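Remarks on the structure that follows.
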Number of protein chains: 2
Amino acid sequence: MYTMTTPAVQAPRGPVTRKDVARYAGVSTAVVSYVVNGGPKKVAPATEAKVQDAIRVLGYRPNAAARALKLGSSETLGLVVPDISNPFFALFSHAVEDAAAALGYALVLSNSDGNLAKERRNIRNLAARQVDGVLLASVLFEPDLEVLETADIPSVLLNQERDAPGFNSIGVDLAAGARMAVEHLIGHGHTNIGLAMGTNVSGSTDGREVGWREALQHAGLPEGPIVYSEFTRPGGYVAGQRLLASVNRPTAIFATSDMQAIGLLRAVHEAGLAVPGQIAVASFDGSVEAEYSWPPLTTVEQPVAEMAEAAVAALVGARRGEEPRHRIFATKLHVRQSCGCP
Amino acid sequence: MYTMTTPAVQAPRGPVTRKDVARYAGVSTAVVSYVVNGGPKKVAPATEAKVQDAIRVLGYRPNAAARALKLGSSETLGLVVPDISNPFFALFSHAVEDAAAALGYALVLSNSDGNLAKERRNIRNLAARQVDGVLLASVLFEPDLEVLETADIPSVLLNQERDAPGFNSIGVDLAAGARMAVEHLIGHGHTNIGLAMGTNVSGSTDGREVGWREALQHAGLPEGPIVYSEFTRPGGYVAGQRLLASVNRPTAIFATSDMQAIGLLRAVHEAGLAVPGQIAVASFDGSVEAEYSWPPLTTVEQPVAEMAEAAVAALVGARRGEEPRHRIFATKLHVRQSCGCP
DNA sequence: CTTTGCTATTGACTCGAGTAGATCTGGGTG
DNA sequence: CACCCAGATCTACTCGAGTCAATAGCAAAG
């Protein structure tokens, strides 16, 4: 006679727990744990097979909350950026997510929208959620470290020049990068090079401004006009309008972010000027957008993937008691057509 | 004599728990919970003050993992997108994060990189992490719903035309949007309108292609050339090259995403053709990038913020037992210069 | 001076998984 | 045949917070 084989135990309602698996496989809950984690104790191959089977049949997935509670780690990292829809941060977030996922960490994302109160709230929120580390791209250049300190969570400050003691930080050599770009423009024969400088809340001078000035001084050239505006497309647009209207109009402009350069290009196009023929442009960041603007932008590329990896590695390292580090990465000039190269 | 007031109980090493607060305040742990949550039972004002004090002094933050374990909810939503560095998804993610944060939910982000295996892994991972809901922008047009089903997690399918029974879905009326754009191009007098169609893994025809065809048929015009390529900038670039090389070169092109249009513009510029003079362009999505391309793109705008809000609301609603819904949003034509308007 | 009827508070159990320490095997000695 | 040992497995406690049933405290009523 043909008999339907029914499992010894009914499939449980709702989420499947370790206990269900244990019952189904006819073993104790401990063995299930050992199998799932390659646990601290060995399990006989035959038993392991039974358990694996039960896991497959019941569709068991260990409860991450319980695991986090017991282990004191949520295997989660928090990322706070000013605005994920800024392509540079989007690129960076992607790289961070990749790096985190490779190490088994999930990524909780939050936007601070250039708002300090929101940034603070986000950090607190992440702290309460027991994230194992926070990556902070602050809206300030001197972020509110106190929140992170009291929360006692490993953290990495991104794009930070200041070495905050006790904190990891990751950044690029802004001055060197800017200098490289401006020197390239000088190499094209420009003697009047303007600067579209992004504004930040800090009092100290941004490295990109320093680099621009250094390059000019080093070449014995006078400083071209500077316009300060936001690090955004609209910011670059108004910067462009103002630079083009300045008494001694520059023949080349260095913009401190790709977004600004994109906005700037629009202003130049609207003015009916040719790029790079009448106005050459170079910028900073190395986002994909720079490659597809018209003309394609010569830009200082940040090694986003390496920075993201280093940032994640620093957080994971911190959990193992490693000392905070300050890492400054070198940039690379990506030459395209906006500078005058063919 | 001057005596240092020392707390009755030493500040504990490591993370502060409810127990520490209870001891410090001289109450039971239950009361602490009641105070923290405005708990199910009332607490005398004087006691509450003592507890609040202790919380402040000790810097207590409830352990989210323990909370999640007990309540079976992590107050977390998962978002799976093909690629966060695609500006459209970046914009969408930002909107989702806003909507989620407004309701007290955190957002776990993961990229599937157009890879089905990775998409599946990400969903499993989110399921294990007990997220309260998943927003899935699948790489497929017929995503792997089984994973979500067995995980038994409320979910929303994004940009999905098919009504998957038992699932929430949010999308836009692709055909209507495309038709609107193509009709606008027809209004400019174009009679040969090409299509740069993004490829997806589905077998069925994309609504945007349908809309393009409908508009042409309705106006009694012949179908212009079609080129299929990826929904990306490089994809649009090669599509542009091919369309420009086609035997009857179109005088206007509809691109099915802003990214494609950006790449297409590059191809047109490289060919030395004027936009919109010799080639008019319209596209689909309504991302910020479309506003700052040259010339600014006329594009079909998706109501991203509303869609994100609806998606999050659907997930939160699902936890309260609401039925799955299928919502299709209307698009809006954003007229700029690439179509020929001044 | 009880007793009733509150309210404020507490003890204790629960969620699901990790793991130390105890227990149970069975095979190999002496 | 009793004994030992190692490997396999199980029992039971723990993590931190939510919450119910039980209790303590106390004022008004009888």
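Given the structure is predicted, the values throughout are model-derived calculations rather than measurements. A note on names: the letters A, B, ... follow the listed sequences, proteins ahead of strands, and every chain is numbered from 1.
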Legend entry - Residue whose closest nucleotide on DNA chain D lies nearer the 5' end, T29(A) versus A64(B): T29(A)
Legend entry - Nearest-Å distance for atom pair CZ/P, residues R61(B) and dA17(D): 12 Å
Legend entry - Verdict with supporting geometry, N63(B) and R67(B), side-chain hydrogen bond (donor to acceptor under 3.5 Å, both in side chains): CA-CA 6 Å; N63(B) 181 317; R67(B) 207 187 160 88; over 6 Å; no
Legend entry - From CA spacing to verdict: side-chain hydrogen bond (donor to acceptor under 3.5 Å, both in side chains), T76(A), R129(A): CA-CA 9 Å; T76(A) 299; R129(A) 285 170 186 277; over 6 Å; no
Inset, instruction - Give the nucleotide from the list dT19(D), dG16(D), dG16(C) with an atom nearest to the side chain of T17(A). - result: dG16(C)
Legend entry - Side-chain-base donor-acceptor pair under 3.5 Å for R18(B) and dG18(D): yes
Legend entry - Residue L71(A), side-chain atoms from C-beta onward, closest of dA12(C), dA17(C), dT19(C): dT19(C)
Legend entry - Minimal non-hydrogen separation, S93(B) against V81(B), with atom names: OG-CG1, 4.4 Å
Inset, instruction - Take atom CG of N37(A) and atom C1' of dT19(C), then tell me their distance rounded to the nearest Å. - result: 10 Å
Inset, instruction - Name the nucleic acid region contacted by R67(B), choosing base, sugar-phosphate or nothing; use a 4.0 angstrom heavy-atom cut-off, strictly under. - result: sugar-phosphate
Inset, instruction - For each nucleotide in nucleotides 4-9 of chain C, reading 5' to 3', give B when a protein heavy atom comes within less than 4.0 Å of its base, S when such contact involves only the sugar-phosphate, and - otherwise. - result: ----SB
Inset, instruction - Return the 5'-most residue of the pair G26(B), L69(B) with respect to DNA chain C, ranking by each residue's nearest nucleotide. - result: G26(B)
Inset, instruction - Give the C-alpha distance, both sets of side-chain angles, the deciding distance and a yes or no for side-chain hydrogen bond (donor to acceptor under 3.5 Å, both in side chains) between D132(A) and S73(A). - result: CA-CA 6 Å; D132(A) 293 341; S73(A) 151; 2.7 Å; yes
Inset, instruction - Please state how far atom NZ in K70(B) lies from atom C1' in dC13(C), giving the value in whole angstrom units. - result: 8 Å
Inset, instruction - Rounded to the nearest angstrom, tell me the gap between atom CZ in R129(A) and atom C1' in dG16(D). - result: 16 Å
Legend entry - Length of the line joining K50(A):NZ and dA8(D):P, which is rounded to integer Å: 14 Å
Legend entry - Between P of dA17(C) and CZ of R23(A), the distance in whole Å: 13 Å
